[in-house]
Amino acid sequence: VNAAHAVLGASSAQRWLNCPPSAQLTADLPDTAGQAAAEGTLAHAISELKLRKALGLISPQAFGKAAKKLRADPLYAAEMEHATDGYVDLVNEIALGLPTAPYIALEQRVEFSRWVPEGFGTADCIIIGDGVLHVIDFKYGKGVPVPAEGNPQIMLYALGAYLRYQFIYDIQRVRMTIFQPRNGGRSDAEDRPIADLLEWAEGYVAPRAALAAEGKGDFAVGAWCRFCKVRSTCQARSDYNLELEGFQKALPPLITDDKVGEILRRALDLKSWVSDLEEYALSALLAGKKIAGWKAVEGRAVRAWTDQEKAFAAAKDAGIDEAILYKRVPVTLAALEKDIGKKAFAPLAPYVTVPPGKPALAQESDRRPAIANRPTAQEDFGDAPING
Ligand code: SF4
């Protein structure tokens with residue numbers, strides 16, 4: 001039963017809720033979270049420290065000492081300051097927006113085992129005030145933007161927090177916010193009564209968690225597969241993607257526009273599945289295993305200076321102009337704003353324009369409105385007449 005501890009965690013809830021048997025299937029596999037996860041942990045530690053200081057929970061001296069240690073970490077990057085400052089601002093904004101001083105908990109372990117066998121997680125920030133439970137999740141990663149609406153991870157944190165504090169504080173409603181400084185910023189879920197969340201936990205989470213704990217239920221392929229430890233070798237995912245071959249049997253010589261839509265939809269997972277397979281095959285081959293028909297080779301290597309300073313000095317001695325050795329390149333608009341901050345950037349605003357974005361393909365569910373009757377790139381260059 002102990003294995004269930006790591007098995008049904010909040011951070012993997014989207015996966016095991018959608019694909020319950022994935023929980024036990026991956027339970028004993030080693031964690032493959034790499035550098036990105038370690039960077040996230042460091043950014044979290046910095047944000048927590050900054051919040052403790054902002055809330056007066058530690059002295060400036062203690063802060064200075066602890067911050068120095070974190071900033072000496074080899075994974076530390078200046079970008080983390082901006083990101084964690086943004087998170088502290090957001091927490092402050094929420095806390096100060098309440099009529100009376102709220103209760104605030106940082107990095108709080110919350111349990112939701114009433115619905116999920118041995119389910120627990122760590123909520124980054126919980127704020128309770130004015131009958132509202134605020135749950136804030138800080139995500140440092142920049143892979144995929146995660147919307148707060150309908151996000152099972154933060155909903156489980158909210159449920160755990162509710163269980164923990166319901167007898168001490170009056171909690172009527174829940175507000176969930178995800179902050180992703182490197183991925184679009186703040187995302188707020190719609191404010192909802194706690195009863196809604198409890199209904200979701202009883203009706204949806206509990207039965208699925210029970211299946212997951214027993215290793216039962218149906219496999220289901222979807223966006224969550226990319227975080228699954230068996231994403232490369234999962235039979236269900238392979239079947240799902242290979243089913244596409246069935247489309248070859250389409251009879252007429254040309255496929256219809258309806259078919260194009262259907263194939264694109266079905267192929268959504270295909271690209272990432274193929275790169276997962278490539279990654280898997282390469283590491284298997286490097287580990288000495290056999291993958292029929294494939295081998296590992298040395299990729300193309302790029303030349304590099306052993307000592308750039310000495311090489312450039314030698315180039316200068318040989319009469320090569322400094323202007324050839326170094327280029328003066330303007331920084332991009334986004335980089336400048338990030339470096340100097342929004343305030344200092346404000347006077348430059350009159351020189352900023354936002355041209356319409358290049359037409360892109362998106363699914364019907366995408367929030368952006370549909371565009372049509374725009375010249376395609378080809379027509380823009382006059383290769384074809386525009387129908388009008
Ligand atoms: S790869 Fe996808 S379908 Fe397969 S077990 Fe993992 S989550 Fe389920």
Side-chain angles (χ1 to χ4, degrees), residues 1-34 36-37 40 112 115-121 137 139 141 143-147 149-157 178 200-201 204-247 262-285 287 289 291-292 294 363 365:
V1 188
N2 219 358
H5 242 287
V7 179
L8 302 180
S11 55
S12 59
Q14 203 205 4
R15 195 201 70 234
W16 58 255
L17 282 170
N18 281 291
C19 177
S22 68
Q24 293 298 351
L25 190 62
T26 57
D28 299 325
L29 297 179
D31 233 336
T32 48
F112 37 85
W115 306 283
V116 179
E118 306 208 12
F120 75 94
D137 195 37
K139 289 195 186 302
V144 248
V146 183
E149 191 64 57
N151 183 280
Q153 181 183 7
I154 198 164
M155 285 158 84
L156 288 173
Y157 290 155
I178 293 180
W200 173 75
Y204 178 73
V205 177
R208 301 225 133 208
L211 286 175
E214 287 177 48
K216 291 187 183 154
D218 294 327
F219 286 95
V221 176
W224 46 88
C225 291
R226 57 182 293 175
F227 303 112
C228 183
K229 288 180 195 160
V230 296
R231 63 185 173 275
S232 307
T233 49
C234 170
Q235 185 69 52
R237 196 176 180 211
S238 168
D239 290 348
Y240 176 89
N241 281 301
L242 291 177
E243 245 176 60
L244 272 176
E245 291 196 333
F247 282 100
E262 199 182 331
I263 294 176
L264 281 175
R265 192 180 51 74
R266 283 292 281 107
L268 277 177
D269 189 50
L270 191 62
K271 270 195 221 164
S272 64
W273 179 57
V274 171
S275 53
D276 287 341
L277 281 182
E278 286 173 342
E279 206 184 300
Y280 171 81
L282 181 60
S283 23
L285 287 164
K289 291 189 200 160
I291 301 283
W294 295 84
Q363 287 195 80
S365 55

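Remember, it's 1-based here, ligands and their atoms both numbered in the order they're listed.
- Using a distance-only test at 3.5 Å, with no hydrogens or angles considered, no donor-acceptor pair links the side chain of Q153 to the main chain of S12.
- Around atom OH of Y280, no more than 12 heavy atoms belonging to other residues, nucleotides or ligands sit under 6.0 Å away.
- Residues R226 and S272 bring no donor and acceptor atom of their side chains to less than 3.5 Å of each other.
- Within the protein, the N, O or S atoms sitting under 2.8 Å from atom 6 (Fe) of ligand 1 are C228 SG.
- The part of A220 lying near ligand 1 is the backbone, judged by heavy-atom distances below 4.0 Å.
- Side-chain atoms of R231 come within 3.5 Å of backbone N or O of C228 as a donor-acceptor pair.
- Taking all atoms of both residues into account, the shortest heavy-atom contact from R237 to C225 is NE-CB, 3.8 Å.
- Side-chain atoms of D239 and Q235 form a donor-acceptor pair, as typed in the model, at a separation below 3.5 Å.
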